[in-house]
Structures are given as C-alpha cells and as structure tokens.
Amino acid sequence: MAAIPLPRQYPPPALLSTAPELKRRLLQGCRSFQELKHLHARLLRLGLDGDQYLLNLLLRSSFDSGQPAHALLLFRRTDHPNLYLWNTMVRGLVAADHMADAVHLYTDMRREGLSPNNFTFPFVLKACARLFDLDTGVKIHAYVLKAGFELDVFVKTSLLCLYAKCGRLDEAQRLFDEMPVRNVVSWTAIISGYMSEGRLEEALDMFRRSLEMDLKPDSFTLVRVLTACSQLGDLKTGEWIHQYIEDKGIEKNVFVATSLVDMYTKCGSVDKARAVFDGMVEKDVVSWSAMIGGYSTSGLPQEALELFVQMQAANMRPDCFTMVGVLSACARLGALELGQQVSCLMDMNDFLLNPVLGTALIDMYAKCGSTAQAWTVFKRMMEKDLIVWNAMITGLAMTSHGKVSFGLFAQIEKMGIQPDGNTFIGILCSCTHTGLVEDGRKLKGLCSFGQLGIF
DNA sequence: TTAGGGTTAG
C-alpha cells in the first residue's frame with residue numbers, strides 16, 4: 001500500500017527557540033494573521049526585537065498577509081529603523097494601495113535625517129504617480145538630482161512615469177532623451193505616456209524607433225502597441241506586429257494573445273482574431289470576453305452566443321465584460337428568453353451598480369420588445385450616467401412610448417445633465433414612431449442641433 | 001527590496 005504523504009510539517013511555535021529557527025519560519029511565510037502575531041510574540045520573547053533583519057521579515061510577512069496596519073504598528077515601535085526597513089514599509093504600503101501613507105512615510109524618513117537610496121525612489125515615486133501628486137514628485141526629483149541618483153535607470157524611469165502620468169509628456173520625453181541607458185521598461189513607459197495622451201501614432205513611432213535600436217520588446221510593450229493599433233483601427237501595423245512576434249519566436253502569453261484578439265476584432269478581421277483565439281494555450285475570462293464581444297460588435301451575434309456556450313462548457317465563469325457582449329448579441333437577435341437566462345448568471349446588484357452592465361440589460365430588454373422589464377431595471381439602477389438615460393429614452397422611443405421618453409428628456413435637463421447627440425437621436429426616433437411631429441419641431445427650436453453635429 | 005497601473009464592455 002502506498003504511503004499517504006504527510007502534510008508539510010511546521011515546527012510548533014513553542015519550538016522556535018532560536019533566531020535561525022524563527023528566521024526559517026518567517027521565510028516560509030505566514031498562513032494566518034494569528035500565526036503572524038504568534039511569531040512576533042516569539043521574537044519579543046527571545047529578545048530578538050532589536051534584530052532588524054528578522055523584523056524586516058516580519059514586516060514583509062505582515063504585508064504579504066494583507067495586514068499593512070500591523071506592519072505600520074510594528075514599524076512605529078522600532079527604535080531607529082534602518083533604511084532597509086523604511087524601504088520595506090514604503091514598498092509594502094504602495095503594494096497595499098496605501099499611496100498617501102507611503103508618501104507620508106517617505107517624508108517622515110527624510111525628517112528623521114535618513115538618506116534614501118536607489119531603491120527608495122522608485123517606490124515613493126510610484127506612489128506620487130498614482131496620486132497624481134506632481135508637487136511632491138518634483139521635490140523628490142530635485143532631491144534625486146542633489147543626491148546623484150539621476151543616472152540610475154530605475155529611478156529615471158520612475159520619474160519618467162511620474163511626469164507622463166501627471167500629463168507632463170514633454171518632461172517625460174526630456175528625461176527619456178537624456179537617459180544614458182534605456183531598457184525595455186523605459187521604452188514601454190514612454191510609449192504608454194504617448195498613448196495616455198491619445199498620441200497613438202507617435203506611440204507606434206516610438207515603438208518602431210525602439211526596434212531600430214535593437215530593443216527586444218517584451219509582453220508589456222507588445223500589449224501596449226497592439227492596444228494602440230486597436231484604438232487606431234490600424235490593421236496593417238497590427239498584422240506587422242503579429243508577424244514580428246511569430247518571426248522572433250516570442251512566446252504569446254495570455255495578455256499578448258488577448259491583445260491580438262482584440263486588435264483583430266477592432267480592425268475588422270474577426271476570422272484572424274478567432275484563429276489567434278483558437279491557438280491560445282491558456283485562455284482566461286478576458287480572452288473569452290474579448291472574442292465574444294468582438295463577434296457582437298462585428299455584427300455576428302450568433303457566433304458570439306455559440307462561443308459563449310463553449311465558454312460555459314469549458315467551465316469558465318463569465319464576468320461583467322462577458323455579459324455585456326452576450327447581452328448585446330441577444331439584443332441584436334431579439335433573443336429575449338436567452339437574454340433573461342444569461343442575466344440570471346449574474347447577481348442583480350451587478351446590473352444595478354454597474355452602469356455599463358445595466359445599460360446592456362436595458363438595451364437587451366428594449367430591443368427584444370420588453371420595455372416594462374427595461375424600465376424596471378432603469379428605475380432600480382443606482383448610478384445612471386448619460387448613456388443609461390439614452391438607452392432608456394431610445395428603448396422607449398422604439399416601442400412607441402414617445403411621451404415617456406420626452407418625460408425622461410425633461411428629467412435629464414432638470415438634473416442638469418448635458419444631453420448629447422444620442423439623446424436627441426432617441427428623442428427624434430420617438431417623434432417618428434409616435435407621430436409627434438410638432439414636438440420634434442419644438443425640440444429643434446429649443447436645441448442647437450448644429451452644435452451637436454447631428455445635421 | 002527597485003521602474004511598465006499589461007488584455008475585454010454599454
């Protein structure tokens with residue numbers, strides 16, 4: 001009879017009687033907050049709380065267990081923490097999404113008279129970038145120059161990201177130009193900077209330049225440039241990048257492959273998207289959603305629904321993105337029953353709290369002729385942006401509820417929401433469906449259609 | 001111990 005493998009043995013805490021034992025245990029990682037507290041107690045009991053190496057492991061364990069407040073508590077109790085501990089704290093707070101705390105801690109560190117090193121800056125600059133705190137970032141930049149870290153590629157790239165994120169692409173480009181060493185991360189960062197400014201062509205130009213300089217793009221770079229192609233509808237460049245990936249034998253991870261799927265669907269090559277999708281070794285919910293949504297927006301609802309059936313057969317749980325694609329396909333087909341069935345796969349609150357998902361459900365009900373159900377969803381939705389209102393106005397208009405859609409239009413105005421072209425298209429649609437010619441004329445008198453670009 | 005908020009929606 002085969003021996004039953006015993007579970008991995010951890011020494012009971014009581015046996016952790018020496019520093020090496022405690023260190024080994026801390027390096028294994030904690031399984032619970034309770035255990036973390038126990039290990040801390042052992043540290044105190046053994047009089048090892050002055051050992052900053054062990055304390056650092058304890059801090060990291062606290063962050064890894066999702067207990068940043070506990071890490072902060074331990075840290076505050078430490079006399080004269082060394083730079084390593086400060087860095088661990090700033091890094092941990094950034095990873096735990098406590099950006100303001102990370103910046104405050106950095107400020108405390110400076111106040112205590114400690115000099116940051118090349119590791120400190122990327123952590124704290126990331127926090128500034130996420131907070132869009134350019135003022136603090138600029139002060140840190142001044143200190144970077146003073147302390148002589150401006151040549152460090154990590155520090156420089158972090159600064160570049162800060163400026164790009166805060167809308168200062170000019171400064172980001174200047175830093176990039178003066179970098180003595182550029183690597184794939186710096187190139188990807190500047191490409192992303194151009195993309196976030198909507199300068200997609202220039203982002204692709206930077207990518208071409210990077211290749212001319214023999215840079216080997218990685219999956220992060222490829223995802224960015226494929227996204228730029230998607231947004232531009234630039235099939236030619238997208239295909240070229242795909243060929244480049246194949247020629248160089250670059251492994252297509254799930255992110256790159258999904259970006260290819262998205263690029264092909266957005267550029268009108270659904271078949272190529274499907275070929276990439278079928279060739280994917282690993283597919284996640286994003287890949288499935290991209291392909292299903294791609295079929296829907298390409299006017300192939302039947303294919304979208306067939307793929308959704310396959311997704312379920314593959315035991316892949318749909319998310320909000322999947323559901324939008326599926327509901328949109330049902331709306332196009334007028335498949336009310338199916339739409340109702342699939343909507344049951346989600347919690348109703350998901351529809352009520354997510355305006356995109358809610359709109360997809362309203363649109364499906366309205367296009368399938370069930371205005372009453374569309375109305376119920378609309379009334380219950382917590383967050384209604386203009387697109388939600390437009391979907392309901394159009395839905396009512398299409399089913400000859402012109403008066404009600406006019407009522408909604410009046411409410412929009414009363415609430416101070418600025419209608420857009422789609423709102424007026426919905427309203428005009430209700431005029432044509434209900435013969436409210438005179439109301440349509442009045443509306444034309446009231447609103448400046450020319451400005452909206454409708455006529 | 002460090003830098004890229006890596007892909008999908010109405």
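The sequence lines fix the lettering, A, B, ..., with proteins before strands; numbering per chain opens at 1. Any value given below was found using the heavy atoms of this structure, including those in side chains, with hydrogens, waters and symmetry copies removed.
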Report task. Output yes when A:Asp135 and A:Lys139 qualify as a salt bridge under the 4.0 Å nitrogen-oxygen rule, no when they do not. Result -> no
Query raised in the report: Charged N to carboxylate O below 4.0 Å: is that the case for A:Asp108 and A:Arg111?
Result: yes
Does [X] make a side-chain donor-acceptor contact with the base of [N], cut-off 3.5 Å?
X	N	value
A:Asp152	B:dA3	no
A:Asp385	B:dG10	yes
A:Lys165	B:dG5	yes
A:Asp319	B:dA9	no
A:Asp218	B:dG4	yes
A:Thr258	B:dT7	yes

[X] side-chain proximity, nearest of [options]:
X	options	answer
A:Arg91	B:dT2, B:dT8, B:dA3	B:dT2
A:Arg224	B:dT7, B:dA9, B:dT1	B:dT7
A:Asn87	B:dT1, B:dA3, B:dG10	B:dT1
A:Phe119	B:dT2, B:dG10, B:dT8	B:dT2
A:Phe123	B:dT7, B:dT2, B:dA3	B:dT2
A:Ala290	B:dG10, B:dG4, B:dT8	B:dT8
A:Asn354	B:dG4, B:dA9, B:dT1	B:dA9
A:Thr157	B:dG10, B:dA3, B:dT7	B:dA3
A:Cys161	B:dG10, B:dA3, B:dG4	B:dG4
A:Arg60	B:dT1, B:dT8, B:dT2	B:dT1

Atom pair distance, as rounded to whole Å: [atom1] in [X] and [atom2] in [N]:
X	N	atom1	atom2	result
A:Met179	B:dG4	CE	P	12 Å
A:Phe176	B:dG4	CZ	C1'	13 Å
A:Tyr295	B:dT8	OH	C1'	16 Å
A:Ile191	B:dG5	CD1	C1'	16 Å
A:Leu125	B:dT2	CG	C1'	11 Å
A:Met195	B:dG5	CE	C1'	13 Å
A:Ile387	B:dA9	CD1	P	13 Å
A:Leu226	B:dT8	CG	C1'	14 Å

Side-chain N,O ([X]) to OP1/OP2 ([N]) below 4.0 Å:
X	N	value
A:Lys252	B:dT7	no
A:Ser192	B:dG5	yes
A:Lys156	B:dG4	no

Query raised in the report: With side chains defined as the heavy atoms from C-beta onward, is the minimum distance between A:Tyr295 and A:Glu306 less than 4.5 Å?
Result: no
Query raised in the report: Does some side-chain heavy atom of A:Val144 sit less than 4.5 Å from a side-chain heavy atom of A:Leu159?
Result: yes
Using a 4.0 Å heavy-atom cut-off across all strands, classify [X] as base, sugar-phosphate, or nothing.
X	result
A:Asn390	nothing
A:Lys266	sugar-phosphate
A:Val261	nothing
A:Asn56	nothing
A:Phe121	nothing
A:Thr221	base

Query raised in the report: Is the CG atom of A:Asp347 crowded by more than 12 outside heavy atoms at less than 6.0 Å?
Result: yes
Report task. Decide, applying a 5.5 Å centre-distance limit and a 30° plane-angle limit (both strict), whether A:Phe255 stacks on B:dT7. Result -> no
Requested in this report: May I ask you to establish whether A:Arg182 and A:Phe176 are in a cation-pi arrangement, using a distance under 6.0 Å from NZ or CZ to the six-membered ring centre and at most 45° from the ring axis?
Outcome: yes
Report summary line: 5'-most contact on DNA chain B (nearest-nucleotide basis), A:Arg130 vs A:Val155, goes to A:Val155
Query raised in the report: side-chain hydrogen bond (donor to acceptor under 3.5 Å, both in side chains) with A:Asn183: which residues, sequence neighbours excluded?
Result: A:Ser186
**Report entry** salt bridge (charged side-chain N to carboxylate O under 4.0 Å, His left out) partners of A:Lys165, counting only residues at least two apart
**Finding:** none
